K.L.:
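Starting off with a structure, shown below.
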Protein chains: 2
Amino acid sequence: MSVTIYDVAKKAGVAISTVSRVLNNTGYVSEKTRKRVMGVVEELNYEKNMLAVALMKKQTKTIGLIIPDITNHFYADLTRAVEDEGNRHGFNVILCNTDNDMEKEASYVSFLLQKNIDGIIFASPKKDDPNIKALCDKNPQFPIVQLGGEVEGVNTDKVLVENSQGAYDLTKHLIELGHESFGVVLGHRNSLASKDRLDGINIAINEANLRLVKQNILYGDFKMQDGLKSALQLLKSKNRPTAIIAATDLLAIGCYQAAKSIGLSIPDDLSITGFDDIEIAQAVEPALTTVTSPIEQLGVRAVEMVVSTIEKPKAYKEKTVYQPTMVIRGSTGTPVNNYTVSS
Amino acid sequence: MSVTIYDVAKKAGVAISTVSRVLNNTGYVSEKTRKRVMGVVEELNYEKNMLAVALMKKQTKTIGLIIPDITNHFYADLTRAVEDEGNRHGFNVILCNTDNDMEKEASYVSFLLQKNIDGIIFASPKKDDPNIKALCDKNPQFPIVQLGGEVEGVNTDKVLVENSQGAYDLTKHLIELGHESFGVVLGHRNSLASKDRLDGINIAINEANLRLVKQNILYGDFKMQDGLKSALQLLKSKNRPTAIIAATDLLAIGCYQAAKSIGLSIPDDLSITGFDDIEIAQAVEPALTTVTSPIEQLGVRAVEMVVSTIEKPKAYKEKTVYQPTMVIRGSTGTPVNNYTVSS
DNA sequence: TTGAAAGCGCTAACAA
DNA sequence: TTGTTAGCGCTTTCAA
């Protein structure tokens, strides 16, 4: 079928080991034979079969990227960064969307392992993810990096964002504007993203001697619809907050819709904050106050970590933590507190 | 290192071929040995090395997906669909972002080929893409599907969307509202998306005996920023249009910003239409009139096509064409025509 | 400086 | 019903 190293060897009148040597620049080869071999390689349009190489070397030059959902802008950006950086190092990336479904994740992981993938990046693992734990227990040497989350009791390389800091900043900003009652619109209950953010919010609120009513903390999925639903619930409640802190920009935009649907104006009647700073955050009206993470850098760092452990296994694990940055825009302001909503 | 078929065979006291047989359900195996072998498989936690299988069978159960940019919502949705459907058929997908850079694409393609990938889906190929042509010329049997675009003079399976129809519908809708002067904000000059849409627009305009001024057709990249820039240029020109047709929703949202920045209200002073119906399209104010494609179906169909050709090569090529659907929302209306802008 | 040959882990004739 | 063996295309000792 396709041309192999044998074809090249025969045509060049040398042994396959010689061809292999010139192809890989390994061992001694006379300039003369090198030229001859390269000539035949060009002539025959020979391309190395990486499968055979992989079987030999036990390196596929492929990494797996496991994310909840590529449709979420944050993961799209991240994936882009990982793919680019991987490519720069000569690695391809196999994409896996789990929807936070552990069974799906398990099946992906075993599939990836069977394919002898060289390493895996887990984005936003949930704190009780059993698959990562199992994988690490079974083979502590296998290159894994956890990005933007950490499974309890599992020691791997990590790239993290101090999300609690971002949430703290946002909350403090709202408090300084004069807000005293808050609504919190989160995603999955056991996503680290939700937990971290809530922590930061609580710290800021406690510092200011204010209280966060438990009923004002709502969980859901990460879609815009969920933001709308949660916000409606908050806005129609007795403990109606003057500010809503959403766990992602998309959720925040869902909150915008809720506010509009019942005639509240942002930020006069209601301040809203997001998280992620997706492209649309500046396009909505008013522009969204949010927090931005160095997503590209996260991806780059994660790839650096896997690739370096793949190429030279190391005895220690490392962790890099990034700080998010608050971006104040038009969706937050001093509360006016003069509105009424029919409950 | 890891446990192989030999380990299983030895422990079970059978030959490797027997193990292979029970693993693949091929040929006769007595119930007794089957059970014994399976027992050992479980006990040893044996997992098949797909690399070896692939080397033998010349099938890697992996397909490549080549897209311009995962960061673009349309491709994120598409990728999601392709990945899901691929997975359903037992295929992994390797993601490649080309940024429409032909060299990058070429390098990806040769990389994928070296890895003995089973097939490739090219999303939105540009009409003069040299790589697809070269690939087909070299190996007409290799499973390829072009999605949402077609390279001239290349015969492969195709999944298309009649974008010109969507653009036609949008334009006609605007004309019926009373618009007579249009601005067109496109993406790359030689992307099929741009060409198709322009075609549809022209047909509708000609049918109505109107004219589209050449200076009102602007090209750029596909980012929000480009929409803003192009729209500003249009709105400050002498031939200021009353409606802008953008090639994507993101570009349209850029146009929103331009309109707002110079104090025009939508749709009274300016109607705007998009393309794609991304999630945010309904969240912007006013909600965006746009056109929606069955993205998921596109991905599913493309995967069906590659997978079926991978599994059973066929002598013919096929093409599936989908119709887009117009979604009318608040961003289009009757022109009021009483505004002035300092030029 | 080059070649022969032994694998990498598996499938698939072919024999028994 | 099971075992033996020859590859798949390559890298890498070890000899020459």
Side-chain angles (χ1 to χ4, degrees), chain A residues 1-38 40-41 44-62 90 110-118, chain B residues 1-41 44-62 90 110-118 311:
Chain A
M1 185 71 87
S2 54
V3 15
T4 77
I5 202 173
Y6 283 93
D7 303 320
V8 176
K10 191 178 342 170
K11 185 132 192 174
V14 296
I16 58 165
S17 47
T18 304
V19 177
S20 176
R21 267 180 220 114
V22 347
L23 251 29
N24 300 301
N25 269 311
T26 159
Y28 299 106
V29 182
S30 75
E31 199 43 41
K32 210 165 130 191
T33 46
R34 145 162 283 110
K35 282 226 174 93
R36 182 145 39 93
V37 170
M38 285 314 284
V40 178
V41 164
L44 260 42
N45 229 310
Y46 168 80
E47 296 220 6
K48 197 188 282 197
N49 181 336
M50 297 307 282
L51 234 48
V53 177
L55 185 57
M56 224 13 254
K57 296 217 200 166
K58 293 165 177 323
Q59 267 226 21
T60 50
K61 289 282 184 184
T62 311
S110 89
F111 207 173
L112 292 178
L113 255 31
Q114 288 192 7
K115 284 202 177 169
N116 284 43
I117 221 164
D118 299 329
Chain B
M1 185 72 89
S2 55
V3 16
T4 77
I5 201 174
Y6 282 93
D7 302 321
V8 176
K10 191 177 340 169
K11 186 135 194 172
V14 296
I16 58 165
S17 49
T18 304
V19 177
S20 175
R21 267 182 220 113
V22 350
L23 253 29
N24 300 300
N25 270 311
T26 159
Y28 300 104
V29 183
S30 76
E31 197 47 38
K32 209 167 129 191
T33 46
R34 144 163 284 111
K35 280 223 174 96
R36 181 145 40 92
V37 170
M38 284 315 283
V40 179
V41 163
L44 261 42
N45 229 310
Y46 167 81
E47 295 221 5
K48 197 188 282 197
N49 182 334
M50 296 307 281
L51 235 48
V53 177
L55 185 57
M56 232 356 266
K57 295 217 200 166
K58 294 166 177 322
Q59 266 225 22
T60 50
K61 290 281 184 187
T62 311
S110 89
F111 208 172
L112 292 178
L113 256 31
Q114 287 191 9
K115 285 203 176 167
N116 283 40
I117 222 164
D118 299 330
E311 289 172 347

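Lettering follows sequence order; numbering is per chain, from 1. Quantities reported herein were computed from a predicted structural model and do not represent experimental measurements.
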K.L.:
Side chains of residues 4-15 of chain A: which donor-acceptor pairs under 3.5 Å do they make with residues two or more places apart or in other chains?
P.N.:
| unit_1 | atom_1 | unit_2 | atom_2 | d |
| --- | --- | --- | --- | --- |
| A/T4 | OG1 | A/Y6 | N | 3.0 |
| A/D7 | OD2 | A/T4 | N | 2.7 |
| A/K11 | NZ | A/E43 | OE2 | 3.3 |

K.L.:
Assuming nearest nucleotide by heavy-atom distance, tell me which of B/L55 and B/S30 is located more 5' along DNA chain D.
P.N.:
B/S30
K.L.:
Compute the angle between the rotation axes at the two ends of the helix from C/dT1-D/dA16 to C/dA16-D/dT1, each taken over five pairs, rounded to 10 degrees.
P.N.:
50°
K.L.:
Roughly, in whole Å, what's the span from CD in B/Q114 to P in D/dG9?
P.N.:
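Roughly 15 Å, once rounded to whole Å.
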K.L.:
Decide yes or no for A/M56 and A/V53: does some side-chain heavy atom of the first lie under 4.5 Å from some side-chain heavy atom of the second?
P.N.:
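Counting from C-beta outward, A/M56 and A/V53 never come under 4.5 Å.
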K.L.:
Would you say the side chain of B/L55 lies within less than 4.5 Å of the side chain of B/L51, judging by non-hydrogen atoms?
P.N.:
no
K.L.:
Using a cut-off of less than 4.0 Å, is there contact between a side-chain N or O of A/K58 and OP1 or OP2 of C/dG9?
P.N.:
yes
K.L.:
Mind listing the side-chain donor-acceptor pairs of residues 22-29 of chain A below 3.5 Å, one per line with the distance, residues two or more places apart or on another chain?
P.N.:
| unit_1 | atom_1 | unit_2 | atom_2 | d |
| --- | --- | --- | --- | --- |
| A/N24 | OD1 | A/K48 | NZ | 2.6 |
| A/N24 | ND2 | A/S20 | O | 2.9 |
| A/N24 | ND2 | A/S20 | OG | 3.3 |
| A/N25 | OD1 | A/R34 | NH2 | 2.9 |

K.L.:
Can you tell me how far the NZ atom of B/K35 sits from the OG1 atom of B/T33, to the nearest 0.5 Å?
P.N.:
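Taking NZ in B/K35 and OG1 in B/T33, the distance rounds to 10.5 Å.
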K.L.:
Distance check needed: C/dG9 C1' versus B/M50 CE, whole Å only.
P.N.:
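In whole Å, C/dG9 C1' lies 12 Å from B/M50 CE.
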K.L.:
Quick one: list whatever passes side chain to side chain donor-acceptor pair (under 3.5 Å) with B/T60, sequence neighbours left out.
P.N.:
B/D118
K.L.:
Using side chain to side chain donor-acceptor pair (under 3.5 Å) as the criterion, list what pairs up with B/K61, not counting sequence neighbours.
P.N.:
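Per chain and number, B/K61 pairs via side chain to side chain donor-acceptor pair (under 3.5 Å) with no residue.
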K.L.:
I need the NZ-P distance between A/K10 and D/dG9, as an integer number of Å.
P.N.:
13 Å
K.L.:
For each nucleotide in nucleotides 11-16 of chain D, reading 5' to 3', give B when a protein heavy atom comes within less than 4.0 Å of its base, S when such contact involves only the sugar-phosphate, and - otherwise.
P.N.:
BBB---
K.L.:
Quick check: do A/E47 and A/S2 have side-chain heavy atoms less than 4.5 Å from each other?
P.N.:
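Side-chain contact under 4.5 Å: no.
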K.L.:
Nearest-Å distance, CG (A/N116) to P (D/dC10)?
P.N.:
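Checked: the CG to P distance equals 18 Å.
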K.L.:
Would you give the length of the straight line joining atom CG of B/N116 to atom CD of B/Q59, rounded to the nearest 0.5 angstrom?
P.N.:
10.5 Å
K.L.:
Nearest whole angstrom, please: distance from the P of C/dC10 to the CD of B/E47.
P.N.:
11 Å
K.L.:
Grab the CG-C1' distance between B/L51 and C/dT11 for me, whole Å please.
P.N.:
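Result: 15 Å.
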K.L.:
Whole angstrom is fine here: how far is it from CZ in A/R36 over to C1' in C/dT1?
P.N.:
12 Å
K.L.:
Would you mind reading off the distance between B/Y28 atom OH and D/dT1 atom C1', rounded to a whole angstrom?
P.N.:
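Roughly 10 Å, once rounded to whole Å.
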